[in-house]
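Remarks on the structure that follows.
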Number of protein chains: 2
Amino acid sequence: MREGPDIARIASLVGDPARANMLSALMGGTALTASELALEAGVSLPTASSHLSKLMEGGLLTLASQGRHRYYGLAGPQVAGMIEAITGVAAAVGPQRVRPGPRDAAMRVARVCYDHLAGEQAVAMLDRLVARQVLLRDDEEIQLGPSADSHFAAIGIDVHTKARRPVCRACLDWSVRRSHLAGTLGAAILDKILAEKWARREKDSRAVIFSPIGKQAFEKTFLA
Amino acid sequence: MREGPDIARIASLVGDPARANMLSALMGGTALTASELALEAGVSLPTASSHLSKLMEGGLLTLASQGRHRYYGLAGPQVAGMIEAITGVAAAVGPQRVRPGPRDAAMRVARVCYDHLAGEQAVAMLDRLVARQVLLRDDEEIQLGPSADSHFAAIGIDVHTKARRPVCRACLDWSVRRSHLAGTLGAAILDKILAEKWARREKDSRAVIFSPIGKQAFEKTFLA
DNA sequence: AGGATGCTTCGATGAGGAACGAACTATGCG
DNA sequence: CGCATAGTTCGTTCCTCATCGAAGCATCCT
């Protein structure tokens, strides 16, 4: 028997779906707060906090406290490399994607991804914004176009924020295999969708359900 | 949220101690049978079989049937690379080696490693056999020396076997970080130790407990 | 054929741990 | 100071899954 490094301990940390989602989210490289990670993983805040403690104790995460915010990040490139390796095996082995169920269909259409919209609707929206040159996209880099300012101001969204986070970011949408819009702009758009009651979040799910009228309004505003 | 490859599924496969031990054992590159892996993992045969099914279903293993033997091996270099990556993180993070407990102390002294002896006693034995040139060692390669035949015959061990397995093999002992003797010779020596009742296996453990008299006999025979 | 060995399946048991709500602590804002 | 927001801790519930013994297949040996 092997008395080596405790590989089962590390692997089992990654082996929980909630923790795996958190780690995947952190693979983006930017540190996130507990509540952001809770959303990402689809669990409650207490549950997320418990998972984060375990990941910290396991040495997979680092913690940077800034005031009342606590930013969790991957502990280092070695950890990131491990996640990559596991993801690679999962992808190679995983063309057994069984994902039916009524709620999952809704999730593919539209869902919350951290603080912005994901799914087919979100991918279509980004496509359209780029096609109209409201946004300028160069691979994964997304910039505001010249008309962005007025375009979004007309909808009631101020693109000038002084937050740490970038205004625009591409976020890979795994259900569609294409990118959708993240960043503060993505978040603002989701806020508007919910504030206008064009759609509602389904309880205990990340699915976002558009009402018939809301869907029209959304398409008129963003897919025109 | 991420709808990507199911990394939690793969990681949780590795996250069970029994399965992790099996995978570590297979990192040697040679395929092993279910019963060998059961010993390696320290579980019963049914339990091992169940784990192997899961690893197969997860795509981490390949299976080669040869008659009534079924040899399990790692599915490929990508899987091996993943195990390496996890092991690396575990080793980097793991200088929290807390391993007290009465039974664990006994395990460090002597324990069963698959079918041969491991632990401090086993490492000392290999050292001594090499020093006396009964065995000739070149790094991880171990050959029988000229006097090996008569030396082991005197103890009642026939070193001439026609098994597939090599007679001598070096096996890295993680508790001591040095090698001990595996292979059919290592197995024969463990058999003799137990047959002569120099030591007994502790129930539900891989620990091997020498009796005071047995210890003397062992040391006279192999450490003289 | 009959027995031995290698391995899997079945069924029952038990323990670990994931989940959440409620309550508690800490930081920031007015 | 008091209220709101961000996080953690506690206690409970529940379910998955690891484990083993017994029994069932499959293969080899004689």
Side-chain angles (χ1 to χ4, degrees), chain A residues 1 6 8-23 31-58 61-73 114-115 163-165 187 191 203-206, chain B residues 1 6 8-23 31-58 61-73 114-115 162-165 187 203-206:
Chain A
M1 70 157 268
D6 198 347
R9 178 164 170 271
I10 301 301
S12 68
L13 282 174
V14 188
D16 177 85
R19 287 195 291 263
N21 280 331
M22 291 175 171
L23 291 168
L32 299 172
T33 66
S35 27
E36 289 167 341
L37 288 165
L39 254 173
E40 190 78 33
V43 295
S44 71
L45 228 169
T47 302
S49 184
S50 159
H51 284 306
L52 290 169
S53 303
K54 286 169 188 167
L55 289 171
M56 284 295 295
E57 196 183 356
L61 297 185
T62 55
L63 175 57
S65 288
Q66 289 183 16
R68 65 176 158 179
H69 295 271
R70 315 188 72 190
Y71 289 92
Y72 290 92
Y114 165 28
D115 62 353
R164 218 185 332 261
R165 297 170 55 200
D191 281 348
K203 180 156 170 53
D204 292 335
S205 163
R206 275 135 290 169
Chain B
M1 68 158 268
D6 198 346
R9 180 164 167 271
I10 300 300
S12 67
L13 281 175
V14 188
D16 176 84
R19 287 193 291 263
N21 279 331
M22 291 175 171
L23 291 168
L32 299 172
T33 65
S35 28
E36 288 169 343
L37 288 166
L39 257 170
E40 190 79 33
V43 295
S44 72
L45 228 169
T47 302
S49 184
S50 158
H51 284 304
L52 289 169
S53 304
K54 284 168 188 166
L55 288 171
M56 285 293 297
E57 197 182 356
L61 297 186
T62 55
L63 174 57
S65 289
Q66 289 183 14
R68 64 177 157 183
H69 294 271
R70 314 189 72 189
Y71 288 91
Y72 289 93
Y114 167 25
D115 62 355
K162 46 197 177 304
R164 219 185 330 263
R165 297 170 55 201
K203 181 156 169 53
D204 293 335
S205 162
R206 272 135 291 168

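Order of the sequence lines sets the chain letters (A, B, ...), proteins ahead of strands, with each chain counted from 1.
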Over all strands shown, is [X] touching base, sugar-phosphate only, or nothing at heavy-atom distances under 4.0 angstrom?
X: A:T33; value: sugar-phosphate
X: B:A18; value: sugar-phosphate
X: A:S35; value: sugar-phosphate

On DNA chain C, more 5' by nearest nucleotide between A:A48 and B:S49 is B:S49

Test log, rule side chain to side chain contact (heavy atoms under 4.5 Å, CB included), inputs B:L37 and B:Y72: CA-CA 9 Å; B:L37 288 166; B:Y72 289 93; 4.0 Å; yes

d([atom1], [X]; [atom2], [N]) in whole Å:
X: A:N21; N: C:dA19; atom1: CG; atom2: P; answer: 10 Å
X: B:L13; N: D:dC17; atom1: CG; atom2: P; answer: 10 Å
X: B:L39; N: C:dG6; atom1: CG; atom2: P; answer: 12 Å
X: B:L52; N: D:dT19; atom1: CG; atom2: C1'; answer: 15 Å
X: B:H51; N: D:dC17; atom1: NE2; atom2: P; answer: 12 Å
X: A:M56; N: D:dT8; atom1: CE; atom2: P; answer: 10 Å
X: A:L63; N: D:dG7; atom1: CG; atom2: P; answer: 10 Å
X: A:E57; N: C:dG17; atom1: CD; atom2: C1'; answer: 14 Å

May I ask you to verify if any side-chain N or O of [X] is less than 4.0 angstrom from the OP1 or OP2 atom of [N]?
X: A:T47; N: C:dA18; value: no
X: B:Y72; N: C:dT8; value: yes
X: B:S44; N: D:dC20; value: yes
X: B:K54; N: D:dC17; value: no
X: A:Y71; N: D:dA6; value: no
X: B:H69; N: D:dA26; value: no
X: B:R70; N: D:dA26; value: no

All heavy atoms of B:A38 vs all of B:A48, minimum pair found to be CB-CB, 3.5 Å

Test side chain to side chain contact (heavy atoms under 4.5 Å, CB included) on A:L55 and A:R19 and set out the steps. CA-CA 8 Å; A:L55 289 171; A:R19 287 195 291 263; 3.8 Å; yes

Nearest-neighbour nucleotide for the [X] side chain, [options] considered:
X: B:A34; options: D:dG7, C:dT8, C:dC20; result: C:dT8
X: B:D16; options: D:dA18, D:dG21, D:dG7; result: D:dA18
X: A:R19; options: D:dT9, C:dA18, D:dA18; result: C:dA18

d(B:L61 CG, B:L23 CG) to nearest 0.5 Å is 6.0 Å

Below 4.5 Å, heavy atoms only, C-beta onward: do A:H51 and A:D16 meet side chain to side chain? yes

Can you confirm whether A:K54 sits close enough to A:S50 that some side-chain heavy atom of one is under 4.5 Å from a side-chain heavy atom of the other? yes

